[in-house]
Each structure stands twice: as C-alpha cells, then as structure tokens.
Q: 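Following this message is one structure expressed as structure tokens.
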Amino acid sequence: MNALSPVPETATDITPSGEDYAIVKQVIELITIDYREQPSLDAIAAELGQSPTQLQKVFTRWAGLSPKAFLQAVTLDHAKRLLHQEELPLLETSLEVGLSGPSRLHDLFVTHEAMSPGEWKAKGGGLTMRYGFHPSPFGLALVMVTDRGLAGLAFADDEGGRDAYFHDMARRWPNAHYVQDSDATAPYISRVFDARRWACEEPLRVVLIGSDFQIRVWQSLLKIPFGKAVTYSDVARDIGQPTASRAVGAAIGRNPISFVVPCHRALGKSGALTGYHWGLTRKRAILGWEAGKG
DNA sequence: GACGGATTCCGCA
DNA sequence: TGCGGAATCCGTC
C-alpha cells in the first residue's frame, strides 16, 4: 500500500520494516531447533544463503541487538530470569499511573475500557469494526478498530492467507459490521509499533470485548511491565482465582489484541513458552525484540 | 453436564 | 535436565 514512501533505513530506526521479519523469523526457527547449540552467525547465514554481514545488519536493525545477544535473550535461562526478577509485579503496578516506574517509560501507554456483559452477549451486534492489513515488525498485521478504540490486532504469516486471518478475528464478534478501511487503521500501527511514540501524552485507547472472565485476565496482562514476564498461575492468583491457571491459559489464548495486551509475557512455570495463538516463533520474536528495547 | 485446555506436578531416565 | 503421563480445575457451549 505504501510502496511510494520509502522508509529510511538507518541503524537507529526503531520502526523496522516488515520485510526484516521474514529473515528474523527464519533465524529464530533455526536456533530453536537446538538453542543450546547457539550456532554462529556464519553458520546461520550459510544456512539461509545470506552473507553474514547482511544478516548482521538486518538483525541489528530489527532487534536492536546483535544476533548473539538476541540468541541469549530467547533461551530458557533468560526466560526464567524474567520470571523471577521481580516477586509480584502484578500487585503494585497501576495502569492508570502508567509512567510512574522507569520500566514503563519505554512501554506502550494504554488506557482500556471493557464492553459491558450485554454488549458481549450481542456478539458485536450494533458495532462497526473497521479493519486493515499493515506491515509490522512481526509480519503482516491485521488491525481492527471501533469508535471506542483498538479492538483487535492479529498477525498473519503469509500475504495469501489474509482471508483466514480475517475470519479468525471476525468470528469472535460475528454480528459486527465489518468495513475495510486501511486509512482508519493505519495510525494505530505506527502508534503501537513505533517505540518513539509509546510514551506520548495521549494514551492508546483500547476496548476489550470478551466474557467477564476473559476481560479480568486481559486486564491482568496489561499490568505486566515491559521486559518482565509472569506465569499462568501468577495471573490466576492476580485475578483472585489461584487454582484457575489452566482456564487462564485458555483465556489468554483468546486475547484479541495481541502485542498490546501482552499475552506473549505469559510463560509456563518452568519458563517455557508453552503456546501462542500466532505461533511460538512469533512469541520468541516479540520477547527477543522487547529485550532489545529494554 | 460434558469437554478439553497457551497448566502443573511427579516420577523416571 | 528433559520428557511423558495423570491429576485437577475451570470457563464455555
């Protein structure tokens, strides 16, 4: 869509182009086969048929980290450290306070509201949902907005599968009225993925449309500070149902606003990345990318 | 009611 | 450690 406006490619560009992710994704898949081996840059480049120099450049532009540092950021050990860094991160962080803690300085500034139970029962009836596809640092992104704010954010693995990804989202609110409108959704993409705009004065408006339980879970996720992680049982405890960790997992899996509601920061108790609706590779990518911004 | 999880725990190489 | 199986709990349809 935006082929006419070239993005300047400088090392300091914190809004990486969508194409970089295609390379990064392959790298992550390679190192995940056996992450203990930590293959050399040369080996990875050879495997992908790229020059090491070029690969290094793309990688650093995308991640803000050298490939080596990135490899370390996606190991199990590192994930465990994220979990234990801070004892109970969920209890003290107030979303409304937003910018109070230094770690949140680099985080996306968000306010949210939830749809009423009645509106949820209507399954989107009476709601106009504008949507569009845009390049993002994690592949093609599908954005859905209502007049109350951002309602959906999904990732697509391939151009050709747009319909499938659209339906994956649209069936969550089957009675909504869907209108393709990339002009309406484009501003959200840059607001969400351009780290320079995360802490701007005006918070990103988000609307959570889900069951009562799901909304409580998603609100809990919104409180996880940037660069931290929690376990499913942490979330269960936070919403006052300490034994519901499995149900929490299911609810997290239905988070409609990926990345913004940071469901990628929920890990298994062992630190393992136990699942992600849009693929474990993407979950690793997001966590590693965040490591480069922290 | 039944179903099935983006869990967890335990036991065994 | 890592892996597999069972226990168990809960939201959803």
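Computation of the quantities below employed the complete heavy-atom set of this structure, encompassing side-chain atoms and omitting hydrogens, waters and symmetry-equivalent molecules.
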Q: Verify the contact: side-chain N or O of A:Lys269 to OP1 or OP2 of B:dC9, cut-off strictly under 4.0 Å; return yes or no.
A: yes

Q: Please report, rounded to the nearest Å, how far the P atom of B:dT7 is from the OH atom of A:Tyr232.
A: 6 Å

Q: Give the rounded distance in Å between these two atoms: CD of A:Gln241 and P of C:dC9.
A: 13 Å

Q: Counting only Watson-Crick pairs (N1-N3 plus N6-O4 or O6-N4) and G-U wobbles (N1-O2, O6-N3), all under 3.5 Å, who is the partner of B:dC12?
A: C:dG2

Q: Take atom CH2 of A:Trp120 and atom C1' of C:dG11, then tell me their distance rounded to the nearest Å.
A: 12 Å

Q: Send over the distance from A:His277 NE2 to B:dG5 C1', rounded to a whole Å.
A: 14 Å

Q: Nearest to the side chain of A:Ala244, heavy atoms from C-beta on, is which of B:dT8, B:dT7, C:dC10?
A: C:dC10

Q: Sticking with atom P, work out how far B:dC10 lies from B:dA6, rounded to a whole angstrom.
A: 23 Å

Q: Counting only side-chain N and O atoms of A:Ser211, is one of them less than 4.0 Å from OP1 or OP2 of C:dG11?
A: no

Q: Between C1' on B:dA6 and CG on A:Leu287, what's the gap in Å once rounded to a whole number?
A: 13 Å

Q: Quick one: sort the A:Tyr21 and A:Trp62 rings into parallel, tilted or perpendicular, breaks at 30° and 60°.
A: tilted

Q: Could you tell me the separation between the CG atom of A:Asn255 and the P atom of B:dA6, rounded to a whole number of Å?
A: 14 Å

Q: Respond yes when some side-chain nitrogen or oxygen of A:Ser245 is under 4.0 Å from OP1 or OP2 of C:dC9, and no when none is.
A: no

Q: Is there a donor N/O on one and an acceptor N/O on the other, under 3.5 Å, for the side chain of A:Tyr276 and the base of B:dA6?
A: no

Q: Whole Å only: how far is the CZ atom of A:Arg246 from the C1' atom of C:dT12?
A: 15 Å

Q: Look at the aromatic rings of A:Phe193 and A:Phe259 and report parallel, tilted or perpendicular, splitting at 30° and 60°.
A: tilted

Q: Please work out which of the three classes, parallel, tilted or perpendicular, describes the rings of A:Tyr131 and A:Phe166, given edges at 30° and 60°.
A: tilted

Q: Mark yes or no: A:Arg162 above the aromatic ring of A:Phe133, with NZ or CZ under 6.0 Å from the six-membered ring centre and no more than 45 degrees from the axis.
A: yes

Q: State, without any angle test, whether A:Arg130 and A:Thr185 hold a side-chain donor-acceptor pair at a distance under 3.5 Å.
A: no

Q: Does A:Thr243 have a side-chain nitrogen or oxygen under 4.0 Å from the phosphate oxygens OP1 or OP2 of C:dC10?
A: yes

Q: Over all strands shown, is A:Ser270 touching base, sugar-phosphate only, or nothing at heavy-atom distances under 4.0 angstrom?
A: nothing

Q: Between A:Arg254 (CZ) and C:dC10 (C1'), how many Å, whole number?
A: 12 Å

